[in-house]
Enquirer: 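Encoded as structure tokens, here's the structure I'll be asking about.
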Amino acid sequence: MAQSANLGFPRIGARRELKTALELHWKGQTDAGALEAEAKALRARHWHAQRDAGIEVIPSNDFSLYDHVLDTTCLLGAVPRRFGPTAGPVSTAQYFAMARGSADAPAMEMTKWLDTNYHYIVPEFEEGQSFHLACLKPVEHFIEAREQGIHTRPVLLGPVTWLSFGKAKTEGLDPLSLLPAILPIYAQILRRLADEGADWVQIDEPVLVTDLSDAQRRALTSAYTELAQHGPKLLVASYFGALDDNLDLALSLPVAGLHADLVRAPEQLQALLAWGTDKLLSLGLIDGRNIWKADLGAALANAEKAAAVLGSNRIQIAPSCSLLHVPVDLAQEEELGAELKNWLAFAHQKLAEITTLTRAINDGKAAVADLLSQNAKAIESRRTSPRIHDPVVKAREAKVTEDDLRRRSSYPHRRVAQTARLNLPALPTTTIGSFPQTGDVRRARADHRKGLLSDAEYDQFLKDRTKDCIRRQETLGLDVLVHGEFERNDMVEYFGEQLSGFAFTRLGWVQSYGSRCVKPPVIFGDVSRPAPMTVAWTEYAQSLTDKPVKGMLTGPVTILQWSFVRDDQPRAQTCRQIALAIRDEVADLEAAGIAAIQIDEPALREGLPLRRKEWDAYLQWAVDAFRLSSSPVRDDTQIHTHMCYSEFNDIMPSIAALDADVISIETSRSDMELLNVFSDFDYPNQIGPGVWDIHSPRVPSDVEFAKLLDKAAAVIPANRLWVNPDCGLKTRGWPEVEASLKHMVDAATKLRATE
Ligand code: GLN
Ligand code: ZN
């Protein structure tokens with residue numbers, strides 16, 4: 001018999017109960033015991049939901065109070081010294097200090113988990129580090145479930161992935177050299193799980209879908225040769241892509257089972273089956289990264305293929321990865337509309353899909369004929385719906401030519417035209433777009449949504465804020481102003497709400513990090529722009545001042561990257577449709593007399609595929625989309641872009657190919673060092689290296705600003721330099737914003753005088 005299995009369930013709760021509990025605890029309103037009680041209730045609810053859905057292989061230890069990578073760090077006793085005693089078990093206070101920082105120790109770094117929007121806490125390694133079993137959570141949760149009558153398959157993060165995704169703090173230390181030191185702890189925990197009755201353990205090794213070094217390959221082989229000897233059978237889980245050139249390696253690991261992602265990489269099924277393995281194969285057939293209902297007919301065909309070759313005893317039907325990356329329950333969405341809802345599946349609905357497939361394999365299709373035919377109808381309705389397919393969009397998209405991707409003249413010509421029109425001083429000062437979203441702004445938005453504030457009242461409120469913002473920028477002496485983005489809740493949602501082809505859930509939250517969740521829009525259909533989205537606000541702001549006001553847009557790649565994207569056409573195509581919509585907005589802003597337009601692309605880099613060999617294709621279409629959106633304008637209209645990071649080493653040619661007249665990036669935290677990449681590359685256009693780290697409430701002095709500017713001017717010719725903060729200011733308060741910007745403008749003015 002085939003088994004239905006799950007690899008992980010969202011922890012945050014259908015109503016973000018974990019978020020609420022965590023934030024109360026952090027405010028000091030509840031103790032660790034109360035937090036743990038809430039967490040325990042959530043775990044119980046999730047285990048029972050999985051059992052009730054008919055899932056036979058239910059995970060435990062997939063739950064985490066903050067992050068499962070941090071949990072692994074604690075399991076291994078790898079607590080950095082700055083968080084206090086490292087010998088005993090890790091306390092709750094220590095755990096949260098590692099995640100969020102404490103009065104005397106800055107938090108550990110956080111970064112994106114592979115190509116997801118989930119952020120993990122980066123393990124830190126140092127020379128001579130010792131490890132010990134410092135947390136028994138995997139065992140405790142196994143027992144906790146067992147006491148509720150649920151036999152689980154515990155999940156551990158694999159040693160090679162844990163080491164590979166950590167960072168050595170001692171120069172020259174190779175994280176993989178620590179493998180022999182951590183394997184005994186993994187062995188201990190496996191033995192203890194076996195003692196408690198665990199027969200299988202899932203070990204996640206998503207490194208298996210990345211480009212591996214020889215050292216990583218050797219590490220995987222030696223790790224599993226060792227760990228396979230300690231008790232439970234091991235299922236090594238790969239996900240988020242194809243095993244590809246690591247397929248032989250994965251299949252040769254001496255473990256009892258392997259999980260493969262057949263949503264991202266359906267083609268690998270053939271190779272997996274051809275290998276003639278004696279392993280149990282967990283078939284990742286249901287998409288754990290997206291919210292679409294599965295095509296059960298197609299999935300079943302693959303499951304049947306596998307069952308025919310391996311025998312149904314040797315297969316499990318599973319999601320492609322943990323369900324951590326999808327919202328919890330579609331049933332809660334009462335406002336989506338029946339048609340759209342019928343195309344979607346969240347975590348709960350995905351469990352049902354898994355069970356249906358498993359029953360079809362074990363009991364025959366007839367046993368689930370109704371479910372299969374309902375599913376087929378839903379799939380067909382989505383395939384043919386006029387809500388999805390807009391012939392006008394498709395026709396326009398087909399007509400895009402190389403010319404549409406090009407500005408009229410090359411940068412040096414544009415520069416001359418823009419200098420004449422904008423008439424800016426050397427080292428012009430500007431900001432990245434948003435100004436403080438203070439309590440009253442958020443309250444007004446909420447009141448407006450609830451109907452407590454009329455459209456006219458809300459509009460007037462926003463106008464007042466915008467006017468106030470323009471006045472303050474004028475007083476500060478900034479050169480290129482912005483309207484402040486008070487009307488925007490979020491840089492993607494604001495545009496999505498005005499574009500056709502987008503839908504919004506009410507409770508479709510996905511954990512981003514810790515208690516933070518995002519609610520990505522759903523791009524379900526062809527995208528177009530029924531009406532201008534930002535022109536009125538920008539025009540209004542421009543009417544209040546003689547200084548140029550930058551129009552402020554979110555770029556097509558970022559809108560794509562931060563949404564749930566349709567899976568019935570290539571991402572590149574959806575991105576091009578969004579680009580055309582933004583292009584229309586750019587043209588309208590120009591027609592309204594706006595001389596500078598910024599198109600933010602903070603997500604361009606994070607869209608890079610996991611495999612290097614796929615980078616070029618991605619960068620090609622991503623850069624093309626930006627160019628398509630930004631190039632309908634005259635030479636004297638200045639296009640800006642902004643990215644919230646500065647790791648451009650690998651992708652400098654693509655950054656230059658965007659051909660933005662001005663790019664602003666984050667550099668203050670690295671003390672301008674990261675600017676070297678731009679100078680080494682001879683980046684030809686203008687650049688605004690962020691001189692103020694807006695992630696911190698600290699007000700830098702004018703001397704600090706001057707130092708950073710000097711550093712920048714040493715690598716980038718001053719006539720190409722702009723002066724601006726690292727990112728938008730919406731999370732900051734007005735006092736620190738005004739004080740900091742004043743120092744920033746003062747420093748720029750002084751440097752100008754010496755140039
Ligand atoms: N224009 C946006 C802002 O200032 C940019 C935000 C971002 O880059 N993440 O808020
Ligand atoms: Zn930014």
Side-chain angles (χ1 to χ4, degrees), residues 110 112 117 119 429-438 441-442 445 462 465-466 469-470 472-473 478 480-496 512-513 516 518 520-521 533-534 537-538 541 549-563 582 585-586 589 594 596-607 626 629-630 638-648 655 658 660 662-670 674 687-696 722-734 736-737 740-741 744:
M110 185 166 74
K112 278 178 196 265
N117 234 323
H119 299 68
T429 53
T430 191
T431 61
I432 304 305
S434 58
F435 270 89
Q437 292 250 334
T438 41
V441 177
R442 277 178 279 133
R445 182 154 51 237
L462 293 174
R465 304 310 330 204
T466 306
C469 183
I470 293 286
R472 293 192 204 226
Q473 293 174 78
L478 287 155
V480 175
L481 312 193
V482 296
H483 75 286
E485 302 183 21
F486 300 104
E487 77 289 7
R488 301 184 192 176
N489 37 358
D490 172 278
M491 63 187 291
V492 170
E493 191 165 304
Y494 180 76
F495 290 92
S512 170
Y513 63 90
R516 286 281 195 110
V518 293
M533 303 180 283
T534 65
W537 287 115
T538 318
V549 173
K550 264 192 291 193
M552 208 47 70
L553 304 174
T554 302
V557 183
T558 299
I559 293 180
L560 183 87
Q561 197 63 31
W562 292 350
S563 302
I582 301 294
E585 189 71 14
V586 168
L589 282 168
I594 301 303
I597 301 166
Q598 177 172 312
I599 306 174
D600 293 329
E601 283 290 21
L604 186 96
R605 192 177 197 292
E606 76 183 48
F626 180 88
S629 66
S630 60
Q638 188 169 64
I639 296 290
H640 292 233
T641 189
H642 164 70
M643 298 176 186
C644 313
Y645 49 85
S646 45
E647 304 105 51
F648 294 106
I655 296 301
L658 296 174
V662 185
I663 183 173
S664 59
I665 59 169
E666 182 211 275
T667 35
S668 67
R669 278 189 281 189
S670 75
L674 295 158
I687 169 165
V691 286
W692 170 24
D693 174 12
I694 59 88
H695 302 91
S696 147
W722 282 64
V723 180
N724 49 258
D726 267 348
C727 195
L729 304 171
K730 71 174 174 198
T731 59
R732 299 268 63 96
W734 274 111
E736 71 223 52
V737 162
S740 300
L741 289 179
M744 185 186 91

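Start at 1 and go down the list; that is how both ligands and their atoms are numbered.
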Enquirer: Does a donor on one side chain and an acceptor on the other come within less than 3.5 Å for His642 and Ser664?
Expert: yes
Enquirer: Examine the proximity of ligand 1 to Glu485 and report which part, side chain or backbone, both or neither, has a heavy atom under 4.0 Å away.
Expert: side chain
Enquirer: Could you tell me whether Ile432 and ligand 1 have an N or O pair separated by under 3.5 Å?
Expert: yes
Enquirer: Just by distance, do the side chain of Gln561 and the backbone of Leu604 share a donor-acceptor pair under 3.5 Å?
Expert: no
Enquirer: My understanding is that we take every heavy atom of each candidate and find the minimum distance to atom 7 (C) of ligand 1. Doing that for Cys644, Ser664, Pro725, Gly433, which one comes out nearest?
Expert: Cys644
Enquirer: Any N or O of Asp600 that comes nearer than 3.5 Å to an N or O of ligand 1?
Expert: yes
Enquirer: Checking side-chain contact (heavy atoms from CB on, under 4.5 Å) between Lys550 and each of Val662, Val480, Thr431, which is the one that passes?
Expert: Val480
Enquirer: Starting from atom 6 (C) of ligand 1, find the nearest protein heavy-atom neighbour and note its residue, name and distance.
Expert: Met491 SD, 3.5 Å
Enquirer: Regarding ligand 1, does Ser434 bring an N or O atom to under 3.5 Å of one of the ligand's N or O atoms?
Expert: yes
Enquirer: Using modelled atom types and a 3.5 Å cut-off, is there a donor and acceptor pairing between side-chain atoms of Thr554 and backbone atoms of Val492?
Expert: no
Enquirer: Is any side-chain N of the basic residue among Lys730 and Glu485 closer than 4.0 Å to the acidic one's carboxylate O?
Expert: no
Enquirer: Just checking, any donor-acceptor pair under 3.5 angstrom between side chains of Glu736 and Trp692?
Expert: no
Enquirer: How are the rings of Phe435 and Trp734 set relative to one another: parallel (under 30°), tilted (30 to 60°) or perpendicular (over 60°)?
Expert: parallel
Enquirer: Give the atom numbers and elements of ligand 1 that come within less than 4.0 Å of a heavy atom of Cys727.
Expert: 7 (C), 8 (O), 9 (N)
Enquirer: Is there a heavy atom of His642 sitting under 4.0 angstrom from any atom of ligand 1?
Expert: yes
Enquirer: May I ask you to list the atoms of ligand 1 that are less than 4.0 angstrom from any heavy atom of Gly728?
Expert: 3 (C), 4 (O), 10 (O)
Enquirer: Between SG of Cys644 and NE2 of His642, what angle is found at the Zn ion (ligand 2), rounded to 10 degrees?
Expert: 120°
